[in-house]
Amino acid sequence: MPIITREFYNRPAIVVARDLLGCHLVHSLDGVRMVGMICETEAYQGEEDQGCHARVGRTQRTAVMYGDPGHAYIYFTYGMHWLLNAVTGPVGMPAAVLIRAINALEGVEMMTVKRPHLAQKRGWLNGPAKLTQALGLNGQLNGHDLCEPDSELTIESGIIIPDEAVSTSARVGLNTVPEPWKSVPWRFLADLEKVSA
DNA sequence: CGGCCGATTATCT
DNA sequence: GATAATCGGCCGG
(Lines give C-alpha, C1' and ligand atoms only; values in the text may rest on other atoms or scores of the structure.)
Protein backbone atom coordinates (compact mmCIF):
# COMPACT_ATOMS: atom_id res chain seq x y z
CA MET A 1 0.00 0.00 0.00
CA PRO A 2 1.34 3.48 -0.87
CA ILE A 3 2.35 5.85 1.92
CA ILE A 4 0.05 8.78 2.58
CA THR A 5 1.61 12.03 1.39
CA ARG A 6 2.16 15.22 3.36
CA GLU A 7 -0.54 16.97 1.31
CA PHE A 8 -3.09 14.58 2.80
CA TYR A 9 -2.21 15.86 6.28
CA ASN A 10 -2.01 19.49 5.19
CA ARG A 11 -5.74 20.01 5.70
CA PRO A 12 -8.01 20.75 8.68
CA ALA A 13 -7.84 18.08 11.39
CA ILE A 14 -11.58 17.39 11.11
CA VAL A 15 -11.21 16.42 7.45
CA VAL A 16 -8.06 14.39 7.99
CA ALA A 17 -9.69 12.55 10.92
CA ARG A 18 -12.54 11.46 8.65
CA ASP A 19 -10.24 10.39 5.84
CA LEU A 20 -7.83 8.46 8.07
CA LEU A 21 -10.60 5.91 8.69
CA GLY A 22 -9.71 2.80 6.72
CA CYS A 23 -6.03 3.73 6.39
CA HIS A 24 -3.31 1.37 7.56
CA LEU A 25 -1.11 2.28 10.51
CA VAL A 26 2.27 0.55 10.13
CA HIS A 27 5.01 0.09 12.72
CA SER A 28 8.01 -1.96 11.64
CA LEU A 29 9.98 -3.35 14.56
CA ASP A 30 12.81 -5.90 14.50
CA GLY A 31 11.99 -6.62 10.88
CA VAL A 32 8.35 -7.32 11.61
CA ARG A 33 5.54 -5.27 10.10
CA MET A 34 2.71 -4.63 12.52
CA VAL A 35 -0.31 -3.21 10.68
CA GLY A 36 -3.71 -2.10 11.86
CA MET A 37 -6.59 -0.51 10.02
CA ILE A 38 -7.66 2.75 11.62
CA CYS A 39 -11.33 2.61 12.61
CA GLU A 40 -11.71 5.44 15.15
CA THR A 41 -10.20 8.94 15.33
CA GLU A 42 -10.66 12.32 17.00
CA ALA A 43 -9.74 15.80 15.75
CA TYR A 44 -8.09 18.49 17.87
CA GLN A 45 -7.50 21.83 16.27
CA GLY A 46 -6.42 25.32 17.28
CA GLU A 47 -5.60 27.19 20.46
CA GLU A 48 -9.29 28.11 20.72
CA ASP A 49 -10.26 24.43 20.95
CA GLN A 50 -10.43 24.04 24.73
CA GLY A 51 -10.07 20.28 24.35
CA CYS A 52 -6.76 20.63 22.52
CA HIS A 53 -3.45 20.56 24.38
CA ALA A 54 -2.49 23.70 22.46
CA ARG A 55 -5.18 25.68 24.31
CA VAL A 56 -2.36 26.84 26.60
CA GLY A 57 -0.29 27.89 23.61
CA ARG A 58 3.09 26.69 22.50
CA THR A 59 5.00 24.68 25.09
CA GLN A 60 7.69 22.05 24.85
CA ARG A 61 5.03 19.37 24.63
CA THR A 62 2.75 21.05 22.10
CA ALA A 63 5.55 22.30 19.82
CA VAL A 64 5.19 19.34 17.42
CA MET A 65 1.57 20.26 16.73
CA TYR A 66 2.68 23.65 15.44
CA GLY A 67 5.16 22.09 13.03
CA ASP A 68 5.02 20.24 9.74
CA PRO A 69 1.92 18.14 9.07
CA GLY A 70 2.46 14.43 8.66
CA HIS A 71 4.51 13.99 11.81
CA ALA A 72 3.69 11.92 14.89
CA TYR A 73 2.64 13.62 18.12
CA ILE A 74 3.03 11.01 20.84
CA TYR A 75 2.42 12.09 24.41
CA PHE A 76 2.23 10.54 27.86
CA THR A 77 -0.84 10.81 30.07
CA TYR A 78 -2.44 9.45 33.24
CA GLY A 79 0.99 8.51 34.49
CA MET A 80 1.16 5.40 32.32
CA HIS A 81 -0.24 5.71 28.80
CA TRP A 82 1.18 6.82 25.45
CA LEU A 83 -1.24 8.22 22.86
CA LEU A 84 -0.55 8.55 19.13
CA ASN A 85 -1.63 11.48 16.96
CA ALA A 86 -0.93 12.60 13.40
CA VAL A 87 -0.12 16.31 13.12
CA THR A 88 -2.24 18.14 10.53
CA GLY A 89 -1.61 21.38 8.71
CA PRO A 90 -0.92 24.03 7.90
CA VAL A 91 2.37 24.87 9.60
CA GLY A 92 1.74 27.23 12.51
CA MET A 93 -1.74 25.81 13.16
CA PRO A 94 -1.59 23.53 16.18
CA ALA A 95 -3.72 20.55 15.22
CA ALA A 96 -3.63 16.77 15.31
CA VAL A 97 -5.74 13.65 14.91
CA LEU A 98 -5.80 11.13 17.74
CA ILE A 99 -5.81 7.50 16.61
CA ARG A 100 -8.29 5.78 18.93
CA ALA A 101 -8.79 2.28 17.54
CA ILE A 102 -7.40 -0.13 14.97
CA ASN A 103 -8.18 -3.56 13.55
CA ALA A 104 -5.20 -5.93 13.44
CA LEU A 105 -4.13 -6.90 9.92
CA GLU A 106 -0.47 -7.98 10.05
CA GLY A 107 2.04 -8.87 12.74
CA VAL A 108 -0.66 -10.08 15.10
CA GLU A 109 1.77 -12.41 16.82
CA MET A 110 4.10 -9.62 17.88
CA MET A 111 1.19 -7.40 18.87
CA THR A 112 -0.04 -10.22 21.06
CA VAL A 113 3.31 -10.38 22.84
CA LYS A 114 3.31 -6.63 23.42
CA ARG A 115 -0.26 -6.55 24.59
CA PRO A 116 -1.07 -9.89 26.21
CA HIS A 117 -4.12 -8.59 28.07
CA LEU A 118 -7.24 -9.84 26.24
CA ALA A 119 -5.00 -10.54 23.26
CA GLN A 120 -6.94 -11.07 20.05
CA LYS A 121 -10.19 -10.93 21.98
CA ARG A 122 -12.93 -8.51 21.08
CA GLY A 123 -11.94 -4.97 22.02
CA TRP A 124 -8.25 -5.59 22.58
CA LEU A 125 -7.23 -2.67 20.31
CA ASN A 126 -10.15 -0.29 20.69
CA GLY A 127 -8.53 2.40 22.81
CA PRO A 128 -5.79 4.96 22.10
CA ALA A 129 -3.45 3.55 24.76
CA LYS A 130 -4.26 -0.05 23.91
CA LEU A 131 -3.07 0.26 20.33
CA THR A 132 0.16 2.07 21.20
CA GLN A 133 0.96 -0.70 23.65
CA ALA A 134 0.25 -3.39 21.04
CA LEU A 135 2.39 -1.63 18.44
CA GLY A 136 5.19 -0.90 20.89
CA LEU A 137 4.95 2.89 20.49
CA ASN A 138 6.20 5.42 23.04
CA GLY A 139 7.80 8.86 23.30
CA GLN A 140 10.84 7.65 21.34
CA LEU A 141 8.96 8.35 18.13
CA ASN A 142 7.45 11.70 19.11
CA GLY A 143 7.98 14.06 16.18
CA HIS A 144 8.69 11.20 13.77
CA ASP A 145 7.98 11.88 10.09
CA LEU A 146 5.11 9.65 8.97
CA CYS A 147 5.63 10.47 5.28
CA GLU A 148 9.16 9.09 4.98
CA PRO A 149 9.22 5.90 2.88
CA ASP A 150 10.82 2.89 4.57
CA SER A 151 10.75 4.53 7.99
CA GLU A 152 9.56 2.52 10.95
CA LEU A 153 6.31 4.38 11.57
CA THR A 154 4.07 5.35 8.65
CA ILE A 155 0.46 5.39 7.53
CA GLU A 156 -0.54 3.80 4.23
CA SER A 157 -3.73 4.17 2.23
CA GLY A 158 -6.05 1.25 2.93
CA ILE A 159 -9.69 1.05 2.01
CA ILE A 160 -12.15 3.88 1.41
CA ILE A 161 -14.84 4.03 4.08
CA PRO A 162 -18.13 5.25 2.53
CA ASP A 163 -20.06 8.00 4.32
CA GLU A 164 -22.88 5.65 5.28
CA ALA A 165 -20.37 3.61 7.32
CA VAL A 166 -19.06 6.65 9.23
CA SER A 167 -20.62 7.95 12.42
CA THR A 168 -19.59 10.86 14.64
CA SER A 169 -19.94 11.77 18.29
CA ALA A 170 -18.52 14.02 20.97
CA ARG A 171 -14.88 13.44 21.82
CA VAL A 172 -14.17 11.11 24.72
CA GLY A 173 -12.65 11.96 28.08
CA LEU A 174 -13.00 15.75 27.99
CA ASN A 175 -14.82 15.89 31.30
CA THR A 176 -13.49 19.26 32.46
CA VAL A 177 -13.57 20.92 29.02
CA PRO A 178 -16.14 23.75 28.60
CA GLU A 179 -18.83 23.84 25.93
CA PRO A 180 -19.08 23.89 23.02
CA TRP A 181 -15.73 22.10 22.77
CA LYS A 182 -16.84 19.29 25.04
CA SER A 183 -19.64 18.35 22.65
CA VAL A 184 -18.44 19.11 19.12
CA PRO A 185 -18.82 15.94 17.00
CA TRP A 186 -15.16 15.57 16.17
CA ARG A 187 -14.93 11.87 16.92
CA PHE A 188 -15.16 9.64 13.85
CA LEU A 189 -16.00 5.93 13.86
CA ALA A 190 -16.02 3.42 11.01
CA ASP A 191 -18.71 0.74 11.14
CA LEU A 192 -16.90 -2.19 9.54
CA GLU A 193 -20.05 -4.26 9.17
CA LYS A 194 -21.53 -1.64 6.87
CA VAL A 195 -18.32 -1.59 4.85
CA SER A 196 -18.33 -5.28 3.98
CA ALA A 197 -22.10 -5.29 3.46
C1' DC B 1 -23.45 -5.40 30.31
C1' DG B 2 -22.72 -0.68 32.85
C1' DG B 3 -20.80 2.37 36.48
C1' DC B 4 -17.33 3.55 39.76
C1' DC B 5 -12.59 3.91 41.29
C1' DG B 6 -7.54 3.60 41.90
C1' DA B 7 -3.09 3.53 39.49
C1' DT B 8 1.02 6.48 38.47
C1' DT B 9 4.10 10.35 36.51
C1' DA B 10 5.27 13.91 32.64
C1' DT B 11 3.94 18.32 31.97
C1' DC B 12 2.49 22.76 33.04
C1' DT B 13 1.16 26.69 36.58
C1' DG C 1 1.11 21.03 43.59
C1' DA C 2 -2.66 19.85 40.32
C1' DT C 3 -4.05 17.72 36.43
C1' DA C 4 -4.73 14.25 32.78
C1' DA C 5 -7.34 13.09 24.78
C1' DT C 6 -7.04 5.97 29.83
C1' DC C 7 -7.34 1.36 31.44
C1' DG C 8 -8.58 -2.65 34.04
C1' DG C 9 -10.64 -4.60 38.10
C1' DC C 10 -14.57 -4.98 40.89
C1' DC C 11 -19.11 -4.32 41.89
C1' DG C 12 -24.33 -4.86 40.97
C1' DG C 13 -28.11 -6.26 37.65
Side-chain angles (χ1 to χ4, degrees), chain A residues 9 12-21 23 25 27 36 38-67 69 71-89 93-104 111-144 146 153 155 166-190 193:
Chain A
Y9 298 101
I14 293 91
V15 179
V16 176
R18 158 67 179 86
D19 287 353
L20 275 178
L21 295 176
C23 293
L25 176 62
H27 186 211
I38 298 170
C39 41
E40 183 181 339
T41 60
E42 278 176 5
Y44 293 85
Q45 169 151 302
E47 294 179 347
E48 66 278 9
D49 176 3
Q50 294 301 299
C52 182
H53 287 161
R55 63 182 175 275
V56 297
R58 191 179 200 128
T59 65
Q60 188 167 351
R61 178 169 71 157
T62 62
V64 232
M65 280 200 284
Y66 288 79
H71 287 248
Y73 168 44
I74 304 179
Y75 72 91
F76 189 73
T77 191
Y78 288 107
M80 61 190 93
H81 299 303
W82 293 98
L83 274 59
L84 168 68
N85 300 250
V87 173
T88 66
M93 160 65 74
V97 173
L98 173 69
I99 313 296
R100 291 193 57 88
I102 59 174
N103 236 259
M111 290 163 67
T112 299
V113 172
K114 297 206 162 293
R115 179 171 165 72
H117 184 72
L118 297 181
Q120 301 185 39
K121 300 262 167 48
R122 186 172 167 77
W124 74 303
L125 299 175
N126 67 348
K130 296 180 185 178
L131 68 92
T132 56
Q133 190 191 343
L135 295 177
L137 297 173
N138 56 45
Q140 281 280 122
L141 288 175
N142 187 33
H144 182 86
L146 299 171
L153 182 62
I155 303 181
V166 176
S167 59
T168 63
S169 79
R171 294 172 294 181
V172 176
L174 304 189
N175 300 302
T176 66
V177 171
E179 298 290 359
W181 311 107
K182 184 175 180 173
S183 300
V184 290
W186 289 357
R187 178 192 189 199
F188 298 83
L189 303 100
E193 297 193 6

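Note: hydrogens, waters and symmetry copies are ignored here, and every other heavy atom, side chains too, is used. Below, chain A is the first sequence line, B the second, and so on; all start at residue 1.
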Paired nucleotide for B/dG2 [Watson-Crick or G-U wobble; both distances under 3.5 Å]: C/dC11
Any strand: nucleotide that pairs with B/dT8 via Watson-Crick or wobble, under 3.5 Å: none
Students often get this wrong, so: under 4.0 angstrom with heavy atoms, is [X] touching a base, only sugar-phosphate, or nothing?
X        : result
A/Arg61  : sugar-phosphate
A/Leu174 : sugar-phosphate
A/Gly173 : sugar-phosphate
A/Asn85  : base

Pair of N/O donor and acceptor under 3.5 Å linking C/dA4 base with A/His81 side chain: no
Whether A/Tyr44 stacks on the six-membered ring of C/dA5 base, 5.5 Å and 30° limits: yes
Nucleotide of [options] approaching [X] most closely (side-chain heavy atoms):
X        : options              : value
A/Val56  : C/dG8, C/dT6, B/dT13 : B/dT13
A/Phe76  : B/dT9, C/dC7, C/dA5  : B/dT9
A/Lys130 : C/dG8, C/dT6, B/dC12 : C/dG8
A/His53  : B/dC12, C/dA5, C/dC7 : C/dA5
A/Arg115 : C/dG8, C/dT6, B/dT9  : C/dG8
A/Met80  : C/dA5, B/dA7, C/dC7  : B/dA7

For [X] and [N], is the shortest distance between a side-chain N/O and OP1 or OP2 below 4.0 Å?
X        : N      : answer
A/Thr59  : B/dC12 : yes
A/Thr176 : C/dA4  : yes
A/Arg100 : C/dT6  : yes

Residue of the set A/Leu84, A/Leu83, A/Thr77 for which side chain to side chain contact (heavy atoms under 4.5 Å, CB included) holds with A/Pro128: A/Leu83
Qualifying residue for side chain to side chain contact (heavy atoms under 4.5 Å, CB included) with A/Arg100, from A/Val172, A/Leu125, A/Thr41: A/Val172
Tell me: [atom1] of [X] to [atom2] of [N], nearest whole Å?
X        : N      : atom1 : atom2 : value
A/Asn175 : C/dT6  : CG    : P     : 9 Å
A/Trp124 : C/dG8  : CH2   : C1'   : 17 Å
A/Asn138 : B/dT11 : CG    : P     : 12 Å
A/Ile74  : C/dA4  : CD1   : P     : 22 Å

Value rounded to 0.5 Å, distance of CE in A/Met93 from CD in A/Glu47: 8.5 Å
More than 12 heavy atoms from other groups under 6.0 Å of CD on A/Gln120: yes
Over 12 non-hydrogen atoms of neighbours within 6.0 angstrom of CD in A/Glu48: yes
